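Data first, discussion second: the structure below is written as structure tokens.
Everything numeric in this text was worked out from a predicted model, so none of it was measured. FYI, side chains are in, hydrogens and waters are out, and symmetry mates aren't considered; it's all heavy atoms of this structure.
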Amino acid sequence: MDAELFARIRRMYDRFDELSNYLAERYRDVPEEEGLTEIDTLVAEERKHR
């Protein structure tokens, strides 16, 4: 693996961590089932647009 590929993978992991933290904070006070349903709905909508 070259340095450029490693840096790209590192940035992807960092972005994933940022998004995970955002979702955890956003849904902190939402009951688990309600939050998962909302996330699943948003993911399905996004996949329709691709």
Side-chain angles (χ1 to χ4, degrees):
M1 175 181 335
D2 64 18
E4 185 177 326
L5 179 58
F6 180 80
R8 184 175 177 202
I9 292 169
R10 187 72 235 153
R11 285 190 305 271
M12 288 174 30
Y13 276 118
D14 290 345
R15 181 67 178 141
F16 179 79
D17 287 342
E18 288 174 16
L19 291 170
S20 295
N21 291 334
Y22 171 79
L23 288 172
E25 182 63 27
R26 167 69 172 82
Y27 289 94
R28 180 184 57 202
D29 299 324
V30 176
E32 182 176 358
E33 285 302 315
E34 182 180 334
L36 290 173
T37 299
E38 184 174 335
I39 291 168
D40 288 342
T41 300
L42 291 169
V43 168
E45 289 176 16
E46 181 63 27
R47 287 182 176 161
K48 286 180 188 177
H49 297 347
R50 290 184 177 196

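Linking Ile, Leu, Val, Met, Phe, Trp and Tyr residues whenever their side-chain heavy atoms come within less than 4.5 Å leaves Phe6 and Met12 in two separate clusters. A continuous path of Ile, Leu, Val, Met, Phe, Trp and Tyr side chains, each step under 4.5 Å between heavy atoms, connects Tyr22 with Ile39, placing both in one hydrophobic cluster.
No side-chain donor-acceptor contact under 3.5 Å links Tyr27 and Glu34.
Rounding to the nearest 0.5 Å gives a distance of 11.0 Å between CZ of Arg8 and CG of Asp2. Rounding to the nearest 0.5 Å places OG1 of Thr41 at 10.5 Å from CG of Leu36. Between the CG atom of Leu23 and the CG atom of Leu42 there is a distance of 9.5 Å, given to the nearest 0.5 Å.
Counted within 6.0 Å of CD on Glu4, heavy atoms from surrounding residues, nucleotides or ligands total 12 or fewer; the atom is thus considered open.
Counting heavy atoms from C-beta on, the side chains of Glu33 and Glu38 never come closer than 4.5 Å.
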Q: Go through the steps for Glu45 and Lys48 under the test salt bridge (charged side-chain N to carboxylate O under 4.0 Å, His left out), then give the verdict.
A: CA-CA 5 Å; Glu45 289 176 16; Lys48 286 180 188 177; over 6 Å; no

